[in-house]
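One structure below.
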Amino acid sequence: MTVETKVTYCRICEPLCGLVATVEDGTVTRLRPDPDHPLSRGQACPKGIAFVEIQNDPDRVLHPLRRNDQGEFERVSWESALDDIVSRLRDIPRDSIGGYLGNPPAFSYSHATWFAAFMRALGTKHTYSAGSQDINSRFAASALLYGSVTQLPFPDLPRTDFLLVLGANPLVSHGSALTAPRIKDQLGAITKRGGRVVVVDPRRTETARAYEHLPVRPDSDAWLLLSMLHVIFADGLADEAAIREQTVGVDAVRRAAAQHPPEETEARTGVPADVVRRLARDFATAPRATAYGRTGSCLGRHATVVGALIDVLAIVTGNLDRPGGTLFSRGVIPVEELAERVGLATYASDRSRLGGFVDVLGSYPAVLMADEITTPGEGQLRALFVSAGNPVLSVPNGPRLAEALTQLDLMVSLDLYVNDTNRYADYILPATTWLEREDFPMGVASAAPTPFIQLTEAVVPPRGEARQEWAVYDEIATRIGVDPLGVGLLQKLAPVSTRLPVRATPRFLFDLLLRLGPHGDRFGLRRGGINARKLRDRPHGVVLDEHAATGLRKHAVRHRGHRVRLDAPALVEELARLGDRHDDDPDFPLRLIGLRELRSHNSWMHNSPTLMKGAGRKHQARINPVDAAVAGVVDGTVVRIRSRFGEIETLALVTDEVGPGTVAVPHGWGHEGGGWELANKSGGANSNRLASSALDDVERLGGMAHLNGIAVAIEAVEPAAL
Ligand code: SF4
């Protein structure tokens, strides 16, 4: 038997923890944390370690599958699958072909790039992604404030004195839209050096328990932030010099904040006015402060406004683009500039066929897909690629989307499993895991307090007949005559002197962009700069600098004069709408929020026995004892949760970790089919069935589904005596 160890890194979530794989006769048999990784230093979470079970899962799709006339999947050859797919695509107008990209491709430089380029080359509007259920509001906020949709401002954890966290739980998520390995240590260091970490959340999360918790009513962040700004302006705590130097349009924010004194927002937020005043003053007077929000703040009714206000708090207190504050993201590869140059970094450059939603990075709200498939007319969606995604489980109208998928002329999925969505596909093409492809952190690692890069080769060859996704898209594109990353596009990226291939490969593109990037060797023009060859000699990765750069505003802000724009009309209009919102509903008096679990990652890791084992490993709704008593719900029994749009049943966990009026339910559960046996047996319910799919309920600026703060009611299903 041949036994080897290979250094690589995890690509499930943002810390990208270093791992060492044991490979026996070509099979990965063990993953363990890499003690020599400069940043994660021997730490990885249970998901990274258990990934070996996904890698070797007997339920994985390892061969192309075609749905036969009996509606069952049968194994076919790649050649026959691609021949048929290509021939059917030729009969469909290109603007009727679309794609949905799940979350995992965000961690693959080749998959995400080729998918986006393929969609762009088709000239279709039908690009959808998990982003409209996750983070597009953050991108929309950046487009409005900075004129740069790809900008991902992040907290300078190692140097801050005050970290305000809204709707994020970094001790469990390990940092989202933020690459900070060993984040627990990084948060701990803030308080050890005398600083503060304040967690604003309706739930006493693991992070809130460890630091200062400020409980808040679900989906009320916008009012809390405006009240903080109100105090900062009214008390003369704003950094007027920084505002003058860095921004335009501050009066719009002043006016909006003036409308929302803490005494008036107290009823909405549940935060006493004196607490808001103290918090605002403490934030504004801290030597170095930053605010950070993630999914909890991204999925409410005013998600883009909240994303913008989180930054505004740092901006008006002089904490933007300076050590210890909120920093501008900048990749080792200048993804932002390149995406702009090739027309992929767009915001509001077009509108969706239905609903008139603006695009965010060329994509539209995924909740539209069902209607786009079923509504006739020019550009009707007729063929769909689903890449490592499970929208039937993750968008609000799952059952309706499932029904609509059956009406497509062609549906092709690239995935590891037969899941809740691609069980309706015509073809499922076997995709690679991250252990089966070379990679480097392209997009996700740009929001890193400690700039770092690691290049990894594939640890093992693809299992079965799995193929890398980029190669599949490239081949289909070539055969139908579109040019996703051909020479024309490369010419826009490369220096005149570069010898270009006819078609790009990920490796070629990576090396080219790396060398042109801020740390690159500029093809020999910059001494000591990096290139792919140098990185291969450093398999544990390279720390590029002690701290992320500051003073980047002139590079990062694309508005005129490189000034942050605080009065974008869309933002001002949305701020004005806040005053009109009255959503109390006596029939649905509680508010639903999501929560992140340590051993789950969205909808795709429920087939790992290690991650699913244990007596407490059940899908549970956290309900406050007061609300449980009113509804007759007893801990451990089944509770029915109803909204105006649907209902689910799951187990009740009666706990005061959520305040009265709040119900917290983990997302990604409730699998109802497909080939992943353990996931199907795991039970639980799909919390998104409680969400509205009405277009009026989709957030207008970022196209976000409203998944946090849904009005719900609860009732006991089993007699309380049970
Ligand atoms: S924290 Fe994220 S990157 Fe690190 S091991 Fe866990 S899943 Fe992987």
Side-chain angles (χ1 to χ4, degrees), residues 6-22 28 30-55 57 102-109 111-112 130 134-135 154 157 168-188 205-207 210 292 294-295 388 416 432-437 439-450 452-456 459 539-541 543 595-612 617 666-668:
K6 297 195 178 180
V7 175
T8 187
Y9 66 90
C10 181
R11 276 150 279 167
I12 297 171
C13 74
E14 281 87 332
L16 309 167
C17 302
L19 295 174
V20 178
T22 304
V28 182
R30 185 180 171 217
L31 290 167
R32 63 184 165 86
D34 177 6
D36 298 316
H37 188 284
L39 298 180
S40 59
R41 302 192 311 277
Q43 193 169 83
C45 84
K47 293 188 290 283
I49 304 301
F51 192 80
V52 70
E53 294 174 357
I54 309 278
Q55 170 67 25
D57 195 333
N103 169 270
F107 300 89
S108 160
Y109 79 122
H111 186 171
D134 184 348
I135 196 172
F154 63 94
L157 299 179
N169 186 9
L171 292 197
V172 166
S173 71
H174 301 286
S176 178
L178 167 66
T179 294
R182 298 185 78 103
I183 198 164
K184 189 176 178 186
D185 295 353
Q186 299 209 37
L187 298 190
T205 62
E206 292 76 356
T207 310
Y292 162 71
R294 262 309 277 126
T295 41
L416 304 178
T432 49
T433 69
W434 43 264
L435 291 166
E436 296 168 348
R437 59 176 184 254
D439 228 328
F440 83 103
M442 191 163 81
V444 290
S446 63
T450 311
F452 176 79
I453 187 162
Q454 184 172 12
L455 180 63
T456 181
V459 169
H540 303 281
V543 175
L595 72 96
R596 186 82 174 256
E597 299 172 300
L598 187 61
R599 290 195 281 153
S600 278
H601 196 72
N602 301 329
S603 65
W604 68 283
M605 297 199 72
H606 290 147
N607 216 48
S608 154
T610 301
L611 295 178
M612 299 307 285
R617 197 73 181 104
H667 69 285

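Sequence positions, counted from 1, serve as the residue numbers for this chain. What you see is a predicted model, and the numbers here were worked out from it, not measured in a lab. What you see below is based on every heavy atom in this structure, not just the backbone, and it leaves out hydrogens, waters and symmetry mates. Counting convention: from 1, in listed order, for ligands and their atoms alike.
Ligand-side atoms of ligand 1 in range of Leu16: 3 (S), range being under 4.0 angstrom from any heavy atom. Which parts of ligand 1 touch Ile12 is read off a 4.0 Å heavy-atom cut-off, strictly below it: atoms 7 (S). Residue-ligand proximity, His174 to ligand 1, at heavy-atom distances under 4.0 Å covers atoms 1 (S). Here is the list of ligand 1 atoms found below 4.0 Å of a heavy atom in Ala44: 5 (S).
Among protein heavy atoms, the minimum distance from atom 4 (Fe) of ligand 1 is reached at Cys17 SG, 2.3 Å. Protein heavy atom nearest atom 8 (Fe) of ligand 1, with residue, atom name and distance: Cys10 SG, 2.3 Å.
Residue Cys13: an N/O/S atom is found under 2.8 Å from atom 2 (Fe) of ligand 1. At a cut-off of 2.8 Å, Cys45 is not counted among the residues with an N, O or S atom near atom 8 (Fe) of ligand 1.
Taken from CG in Leu598 to CD in Glu206, the straight-line distance is 8.0 Å, to the nearest 0.5 Å. Once rounded to the nearest 0.5 Å, the distance linking CG of Leu455 with CG of Asp439 reads 9.0 Å.
A donor-acceptor pair shorter than 3.5 Å can be found between the side chains of Thr207 and Asn169. Side chain to side chain, Arg596 and His667 fail the donor-acceptor criterion of an N or O pair below 3.5 Å.
The aromatic rings of Trp434 and Phe51 lie parallel to each other, with less than 30° between the two planes, well short of the 60° mark.
Here Leu19 has no heavy atoms under 4.0 Å from ligand 1, in either its backbone or its side chain.
A cation-pi arrangement is not found for Arg294 relative to Tyr292, the charged atom failing to lie both closer than 6.0 Å to the ring centre and inside a 45° cone about the ring normal.
With a 6.0 Å radius and a threshold of 12 heavy atoms from other residues, nucleotides or ligands, Lys184 has its NZ atom at or below the threshold.
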